[in-house]
Amino acid sequence: LVETVSPDVYFSQYHHKIYELYINSFSQRGLVNCWFDKKDLYDRVVKWSLDNYKTVNRIFKKDSEILASYTLIFRDREIFLSFSNCYNFEIENLQLFIYMDILKTSSDVSCEKSFLSAGRGSFGYKRRMGFSPIPMYSLVNDPGWKKDYNSDISREETLSLYGRDFGCFI
């Protein structure tokens, strides 16, 4: 089942569970998510986005289990893929299905001159789907935030593609 939910329903019924699944999906792979110890900041960023932009919030479920989710944020011509995550890695091709759904949904809802930005996470997979890297700037200004490189590409490739180091600096 794939469900589109309103911003209010997303935040009140799904947001906190999805945060837990998001953090746990990294832990299960031996990784620490950058939002791990910043739940309050994560809540504020998500709530602000839902309150200030048009969004499409998609939840993928099997029975009562949430398998994956994503949010598209619409701003002018840009469609930004925010917090797209898989929580069940045992279902073959689930990530491919999610990306296909993202492309279809953004196409259905967008205007003719829109572009889809998929951010920086899981860059290797996005490259296979045909996404191109473009410079992005973080919306985070928090002294506890550490500069972190994407492990899917080298530091040299990051500098070459983006022309700068990644980090949260606004």
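Residues: numbered from 1 along the sequence shown. Because the structure is a prediction, the values reported are computed rather than measured.
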TODO: Mind running side chain to side chain contact (heavy atoms under 4.5 Å, CB included) on Phe83 and Thr71 for me, showing each step along the way?
DONE: CA-CA 6 Å; Phe83 299 112; Thr71 295; 5.7 Å; no
| message | Testing the basics here: between Leu81 and Tyr99, what is the closest heavy-atom pair and its distance to 0.1 Å? | response |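 Closest heavy-atom pair between Leu81 and Tyr99: CD2-CE2, 4.5 Å.
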Looking only at heavy atoms, which two atoms of Ser69 and Ile59 are closest? And how far apart?
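Distance-wise, the nearest heavy atoms are CB-CD1, 4.0 Å.
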Practice prompt. Please collect all salt bridge (charged side-chain N to carboxylate O under 4.0 Å, His left out) contacts where either partner lies in residues 88-98, sequence neighbours excluded, each pair once.
Written response: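 Found none.
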Would you please name every residue forming a ring pair (Phe, Tyr, Trp, His ring centres under 6.0 Å) with Tyr53, sequence neighbours left out?
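Expected list: Trp48.
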- Task: Applying side chain to side chain contact (heavy atoms under 4.5 Å, CB included), run through Ile18 and Asn85 and close with a yes or a no.
- Result: CA-CA 9 Å; Ile18 284 172; Asn85 290 288; 5.9 Å; no
Go through the structure and list residues passing side chain to side chain donor-acceptor pair (under 3.5 Å) with [X], not counting sequence neighbours.
X     : answer
Asn52 : none
Ser25 : none
Lys62 : none

Query raised in the report: Are Asp40 and Arg44 close enough for a salt bridge, meaning some N to O gap below 4.0 Å?
Result: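 Between Arg44 and Asp40 there is no salt bridge, as every charged N stays at least 4.0 Å from the carboxylate O atoms.
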Holding to side-chain contact (heavy atoms from CB on, under 4.5 Å), I want the full list of residues that pass it with Leu21, two or more places apart in sequence or in another chain.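 Leu21: side-chain contact (heavy atoms from CB on, under 4.5 Å) contacts with Lys17, Ile66, Tyr87.
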All side-chain contact (heavy atoms from CB on, under 4.5 Å) counterparts of Lys39, not counting sequence neighbours: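 Lys39 satisfies side-chain contact (heavy atoms from CB on, under 4.5 Å) with His15, His16, Tyr19, Asp43 once adjacent residues are dropped.
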**Prompt:** For the ring-ring contact (aromatic ring centres under 6.0 Å, His included) test, which of Phe11, Phe36, Trp35 pairs with Tyr42?
**Reply:**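 Passing option: Trp35.
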| task | Before giving the answer on side chain to side chain contact (heavy atoms under 4.5 Å, CB included), spell out for Tyr70 and Thr105 the whole-Å C-alpha distance, their side-chain angles and the decisive distance to 0.1 Å. | result | CA-CA 11 Å; Tyr70 71 84; Thr105 301; 3.1 Å; yes
Q) For the side chain of Ser107 and the backbone of Leu103, is there at least one donor-acceptor N/O pair under 3.5 Å apart? A)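 A pair under 3.5 Å: no.
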How many angstroms lie between [atom1] in [X] and [atom2] in [Y], if you round to the nearest 0.5 Å?
X      : Y     : atom1 : atom2 : value
Ile73  : Asn57 : CD1   : CG    : 8.5 Å
Asn88  : Gln95 : CG    : CD    : 11.0 Å
Ser27  : Tyr22 : OG    : OH    : 12.0 Å
Ile102 : Ser84 : CD1   : OG    : 4.0 Å
Leu94  : Leu67 : CG    : CG    : 6.0 Å
Leu50  : Thr55 : CG    : OG1   : 5.0 Å

Which donor-acceptor pairs under 3.5 Å do the side chains of residues 3-10 make with protein atoms, sequence neighbours left out?
from	atom 1	to	atom 2	distance (Å)
Glu3	OE1	Tyr14	OH	3.3
Glu3	OE1	Lys61	NZ	3.2
Thr4	OG1	Arg58	NH1	2.6
Ser6	OG	Val9	N	3.1

task = Verify side chain to side chain contact (heavy atoms under 4.5 Å, CB included) between Phe97 and Val2, making sure each step is shown before the conclusion.
result = CA-CA 11 Å; Phe97 177 73; Val2 182; 4.0 Å; yes
Note to self: Going by the rule salt bridge (charged side-chain N to carboxylate O under 4.0 Å, His left out), which residues pair with Asp63 if we only count those two or more places apart in sequence or in a different chain?
What the structure shows: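 Residues passing salt bridge (charged side-chain N to carboxylate O under 4.0 Å, His left out) with Asp63: none at all.
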